Amino acid sequence: MVARVQALPFDLSAEMAGFGVGAGAVVTFTGVVRDDGGDLAALEIEHYPGMTEAALRDHGLTAAARFGLSDWRIVHRFGRIPVGGPIMMVATAARHRRSAFDGADFLMDWLKSRAPFWKREIARDGSASWVAARAADEDALSRW
Amino acid sequence: MVARVQALPFDLSAEMAGFGVGAGAVVTFTGVVRDDGGDLAALEIEHYPGMTEAALRDHGLTAAARFGLSDWRIVHRFGRIPVGGPIMMVATAARHRRSAFDGADFLMDWLKSRAPFWKREIARDGSASWVAARAADEDALSRW
Amino acid sequence: MTVEVLYFAWMRERVGHPRETVQTDAATPRALIAELAALSEGHAAAFADGAVVRCAVDQVLTDLDAPLGQPREVAFFPPMTGG
Amino acid sequence: MTVEVLYFAWMRERVGHPRETVQTDAATPRALIAELAALSEGHAAAFADGAVVRCAVDQVLTDLDAPLGQPREVAFFPPMTGG
């Protein structure tokens, strides 16, 4: 039951130590800065200090109640993250795999379009552009 | 692109080292021996040597083609696994989260009812009973 | 009332600063936007496309037409792109 | 033809051994089952409930009514419970 916002990288294995003890199923999702065309140097992520962690925690609790999660964890970074670097992770633990999968999926759909983060792409030539919200992410959220 | 069957425990963090480089989304699922009523001491898992790894590999390749996975990994243990011990894991990497989630979900549904493993529950008093297949697992597979 | 107004992402860039204190009697976030948009060309540019403006009142996501109440802090920002 | 027959899980326990070599001209796995079930009480018990018998022919999951061909190895087992 952890929600954390941080500038530093995180380590999936360290995050998973002691996670979900007693559960039968553990799912993790990790988002990584992907270089699509070879032009991207980094992402720069802005967030809303004060609101962010509370919003992550609220949503983790909502997911836990809805999907019967025995444990959950959300870690999201802000600041500059180079290509290949980890952006965020969620982990869910439950008795059965369906709950763990659905809980993680739900948390991700919510994070994509309701958590107060904004991404900017920094190209290798130094130019920057804000990432536009994807209609597909909004659609994904409407499934739940 | 790894399929492995082994008696020894595995370490999720070791398995994820170098996994899915270049991907934007990585999903892992870990199955753990859950103690429901306090009577269970361990699971004992039998498999079909010769067939198992080939079947896992075939299915990993099928999932990779179907969901556009850039990397995948399946590790499944056999032999005696105490309560709390890891039974198996799958990991999937893809450009986008939907592919990674669906790929892992698909692999799990297949593993539950098509991979040649059989589980036996060993109670604390030493008695043993084979785990019956669940109709829900068969139903889950029909989704794909 | 006195309200602390925050801006994020490209709305912050267009306004030119991340926060400011304003006096307002706006009844809804949308009415507050109308007042803010009149402050400068930068503000006007930030709010030019009303369809993309998102809002949090005292750090809770809020509809632009919901009653504003007596908030301490109101934030405006474009659609979120986390995860 | 000569076929190596393998058993797993509780079917192995009921038969009493994990593998055996049989001579058969069975055209399908189901026909082979009929021959095997006649070998002993243990075999009969293993195959008593046909609905739960699964089969792999040369390590490929195969329907009980598919042509058997000339396999090297045929395995019988209850529904799998991996994952």
Side-chain angles (χ1 to χ4, degrees), chain A residues 3 5 29-34 43-59 62 74-79 81 86-90 104-121 128-141, chain C residues 2-22 28-30 32-33 36 41-83:
Chain A
V5 183
F29 177 93
T30 309
V32 180
V33 182
R34 184 186 70 232
L43 285 186
E44 213 164 72
I45 300 181
E46 183 171 333
H47 78 114
Y48 186 167
M51 176 173 170
T52 316
E53 290 207 14
L56 298 185
R57 191 165 48 247
D58 282 355
H59 209 68
T62 299
I74 306 172
V75 180
H76 204 302
R77 293 174 67 192
F78 62 90
I81 308 176
I87 303 169
M88 48 71 58
M89 61 157 287
V90 304
D105 209 350
F106 171 78
L107 285 175
M108 284 309 303
D109 282 348
W110 176 82
L111 280 165
K112 283 280 174 184
S113 50
R114 290 292 182 277
F117 293 97
W118 300 272
K119 289 198 190 97
R120 195 158 54 156
E121 294 181 338
S129 60
W130 292 98
V131 172
R134 296 167 65 226
D137 286 331
E138 194 61 36
D139 294 347
L141 195 58
Chain C
T2 304
V3 175
E4 192 76 3
V5 178
L6 281 66
Y7 306 100
F8 290 100
W10 55 259
M11 294 188 60
R12 170 180 54 70
E13 292 181 330
R14 290 188 187 177
V15 166
H17 43 255
R19 60 197 304 151
E20 59 195 330
T21 306
V22 302
T28 64
R30 198 181 296 280
L32 179 55
I33 287 172
L36 296 169
E41 279 186 27
H43 286 81
F47 291 114
D49 182 1
V52 301
V53 179
R54 301 290 182 270
C55 170
V57 175
D58 283 336
Q59 306 190 351
V60 174
L61 291 178
T62 303
D63 191 88
L64 295 184
D65 296 310
L68 191 54
Q70 303 281 326
R72 189 182 57 80
E73 177 177 307
V74 178
F76 293 103
F77 39 81
M80 293 83 111
T81 54

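Letters A, B, ... are given to chains in the order of the sequence lines, protein chains preceding strands, and every chain is numbered from 1. Computed from a predicted structure; not experimentally measured.
Here the CD atom belonging to A:Glu138 is positioned 9.0 Å from the CE atom belonging to C:Met80, to the nearest 0.5 angstrom. Taken from CH2 in A:Trp118 to CZ in C:Phe8, the straight-line distance is 5.0 Å, to the nearest 0.5 Å.
Within the 4.5 angstrom heavy-atom criterion, only backbone atoms of A:Ala132 (N, CA, C, O) approach chain C. Contact annotation for C:Arg12: only side-chain heavy atoms (C-beta onward) come within less than 4.5 Å of a heavy atom of chain A. If you measure heavy-atom distances from A:Ile87 to chain C, the contacts under 4.5 Å come from the side chain alone. With a 4.5 angstrom heavy-atom cutoff, A:Met51 touches chain C via backbone and side-chain atoms both. For a residue to count as touching a neighbouring chain, one of its non-hydrogen atoms must lie under 4.5 Å from one of that chain's; by this rule A:Arg114 touches chain C with backbone and side chain alike.
The minimum heavy-atom distance between A:Val131 and C:Thr81, with the atom names listed, is O-CG2, 3.5 Å.
Heavy-atom pairs under 4.5 Å with chain A peak, among C:Pro78, C:Pro79, C:Ala9, at C:Ala9.
Ring geometry for A:Tyr48 versus C:Phe77: interplanar angle over 60°, hence perpendicular rather than tilted (30 to 60°).
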